[in-house]
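One structure below.
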Amino acid sequence: MSAEFLAALATLTDAAGILMGDAMAGYLLDQRRRYQGSALAVARPRDTTEVAAMLALCHRHGVPVVPQGGNTSLCGGATPDSSGTALVISLERYNAIEQIDAENNTITVAAGATLASVQKAARDADRLFPADWAAAASCQIGGALATNAGGINVLRYGNMRNLTLGLEVVLADGTIWNGLRGLRKDNTGYDLKQLFIGSEGTLGIITRAVLRLYPAPTAHATALVNIASPQAALELLHGLQGSVGDRITSFELISAPCMALLAKHFPSLPQPFQPIPDWLVLVELADGGDSETLNDRLAEALFAAGCEDALLAQHGAQSRAFWDLRESIPEAQRLEGVSIKHDISVPLSAIPGFIDECGQSLLAAYPAAQIIAFGHLGDGNLHYNIFLPDHSAAVYAEESTVNELVYSAVAARQGSFSAEHGIGQLKRRLLATYRSPVELAMMRQIKTALDPQNLLNPCKFLP
Ligand SMILES: Cc1cc2nc3c(=O)[nH]c(=O)nc-3n(C[C@H](O)[C@H](O)[C@H](O)COP(=O)(O)OP(=O)(O)OC[C@H]3O[C@@H](n4cnc5c(N)ncnc54)[C@H](O)[C@@H]3O)c2cc1C
């Protein structure tokens, strides 16, 4: 069967569009190197018609399909299983920026366009596409949509769900749904695009999108604030929201162990406060005025909120240096070794209690644990990662015990065990534990309706 399938597949695109053997290696290993998969082939369609023909073929032959974007998923979402029966469909060659409608503030792109290329196209048209995170150069719009990715500007602009006006999707049997509308208001039935956003490639392959653009800010102000506690950080956020409102684009919390890891692995990065404070907040404002005025407003707002120890970036390079600290934390962790990672959210008001109580219960069970807590405090979303004394993959033997401690503290606050990175392979069993039978049943009904043969990204997402 596979010879017949592969022969038919080869007729659907050009020779460079089908990879086999060693050429597939980069598509079969996940970003964190936890999942090594295997595949029949990797197909690289160039347009929607080719995607549709490939899905129709897979549908006829009962071949599972793993959609893949930039393969930056942090939970093994884009990696096939080890059976070798799936076709990986990579959107990397379908990457055009198709149209910018500056008056409608929209951009239409193919799903394989990288986030960085969309940001640049928006900048070139004097607009802002605000989605941003450290994988921007390699992750693709299709993958960002399929995971409803967030990043550092969610506080002001929302996540991919909020940034999307229209989608084109190829369904499991090869049917093309064109919902590429650039409308901000449209109450004509179910909002179908929202079904596909965050569905992790299990309901269809996203092929094109109409995304929202915003006026490009002309002024930025950045501050790094020494803050006593997460509670004080929360109070600062509310104080700033009262004074500078939605000019706040980012509000990131950084704990002392993060700074210590940076000092160890990136000694060339400046440590702005000595000794390292227990907590820091990185605040970014943006608006359409001039940077000097915005800096003054931020200084006044910090002073009014009672901050006595804050550094205001005096120029772009200093702002970049502050952000380098924040964005180097994941790499510093990687250099330190293997940790048990969590990407959780709780209501903002519950963050201080979560950090206190979860920290205590972890240290009671693992007195030598090192907790690396940082992230998007303004969204109630923390990266909450645990190093145990053994920094090798052997720590995964403790993963379910550590997870139980962390996720029960999250669940007690009606939080989410996966705020940004999705379910993929890593968190599949958790969905069954932390989502109600009613929610799981509805999800299964949707999956069965759109993919009755369970061919799209099987073994992911739904337990
Ligand atoms: C350094 C780093 C920093 C990160 N920071 C953040 C962050 O701040 N916030 C955040 O939310 N995420 C973050 N991520 C996670 C990741 O970048 C995002 O989830 C990303 O958007 C995935 O895009 P991708 O193109 O790499 O998708 P992939 O990893 O290739 O795929 C992800 C999922 O989407 C599916 N998929 C891919 N393309 C399509 C398509 N066209 N149609 C249907 N399904 C598809 C795949 O099957 C898979 O389930 C980070 C990752 C890294 C490595």
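First listed ligand is number 1; within each ligand, the first listed atom is number 1. Keep in mind the model is a prediction, meaning the values are calculated, not measured.
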Measure Lys460 to ligand 1 on non-hydrogen atoms and call it side chain, backbone, both or neither using the 4.0 Å cut-off.
-> neither
If you have a sec, work out which protein heavy atom is nearest atom 24 (P) of ligand 1 and how many Å separate them, to one decimal?
-> Gly70 N, 3.4 Å
Any idea which of Thr72, Leu456, Asn71 brings a heavy atom closest to atom 17 (O) of ligand 1?
-> Thr72
Measure Ile206 to ligand 1 on non-hydrogen atoms and call it side chain, backbone, both or neither using the 4.0 Å cut-off.
-> both
Return yes when Leu91 approaches ligand 1 closer than 4.0 angstrom through a heavy atom, no otherwise.
-> yes
If you measure from atom 13 (C) of ligand 1 to every heavy atom of Tyr94, Trp133, Tyr27, which option wins on shortest distance?
-> Trp133
So, does Arg161 use its side chain to make a donor-acceptor pair with the main chain of Ile197 at under 3.5 Å?
-> yes
Does CZ belonging to Arg184 count more than 12 external heavy atoms closer than 6.0 Å?
-> yes
Looking only at N/O atoms, are Glu200 and ligand 1 under 3.5 Å apart anywhere?
-> yes
Give me the ring orientation class for His342 and Tyr384: parallel if the planes are under 30° apart, tilted from 30 to 60°, perpendicular past 60°.
-> tilted
Inspect the surroundings of CZ in Arg320 and state if more than 12 heavy atoms from other residues, nucleotides or ligands are less than 6.0 Å away.
-> yes
Side chain Gln414, main chain Val346, donor-acceptor under 3.5 Å = no
Please say whether Leu74 places an N or O atom under 3.5 Å from an N or O atom belonging to ligand 1.
-> no
For Glu284, all residues meeting salt bridge (charged side-chain N to carboxylate O under 4.0 Å, His left out), sequence neighbours excluded | none
Val66 to ligand 1: N or O pair under 3.5 Å?
-> no
Quick one: does Ala78 get an N or O within less than 3.5 Å of an N or O on ligand 1?
-> no
Taking atom 9 (N) of ligand 1 as the reference point, the nearest protein heavy atom with its distance = Glu420 OE1, 2.9 Å
Return the option from Pro67, Ala135, Gly201, Ala136 holding the heavy atom at the smallest distance from atom 47 (O) of ligand 1.
-> Pro67
Under 4.0 Å between a Lys/Arg side-chain N and an Asp/Glu carboxylate O for Asp30 and Arg34?
-> no
Can Gly204 be said to touch ligand 1, with heavy atoms closer than 4.0 Å?
-> yes
Counting heavy atoms only, which of Gly143, Ala131, Ala110, Ala146 comes nearest to atom 27 (O) of ligand 1?
-> Gly143
Identify the protein heavy atom lying closest to atom 33 (C) of ligand 1, giving its residue, its atom name and the separation to 0.1 Å.
-> Thr147 CG2, 3.6 Å
Within a reach of under 6.0 Å around CG of Asp124, are more than 12 heavy atoms found that belong to other residues, nucleotides or ligands?
-> yes
Is the closest heavy-atom distance from Gly151 to ligand 1 below 4.0 Å?
-> yes
Give me the ring orientation class for Tyr434 and Phe417: parallel if the planes are under 30° apart, tilted from 30 to 60°, perpendicular past 60°.
-> tilted
Around atom 29 (O) of ligand 1, find the nearest protein heavy atom and jot down its residue, atom name and distance.
-> Ser73 N, 2.7 Å
Heavy-atom nearest neighbour of atom 3 (C) of ligand 1 within options Gly69, Pro330, Ala134, Ser418 = Ala134
Name all residues meeting the side chain to side chain donor-acceptor pair (under 3.5 Å) criterion together with Tyr94; count only those two or more places apart in sequence or in a different chain, and write none if there are none.
-> Thr48
Pair Arg93 + Asp14, salt bridge at N-O below 4.0 Å | yes
Any N/O pair Gln140/ligand 1 closer than 3.5 Å | yes
For Ser138 and ligand 1, does the shortest N/O to N/O distance drop below 3.5 Å?
-> no
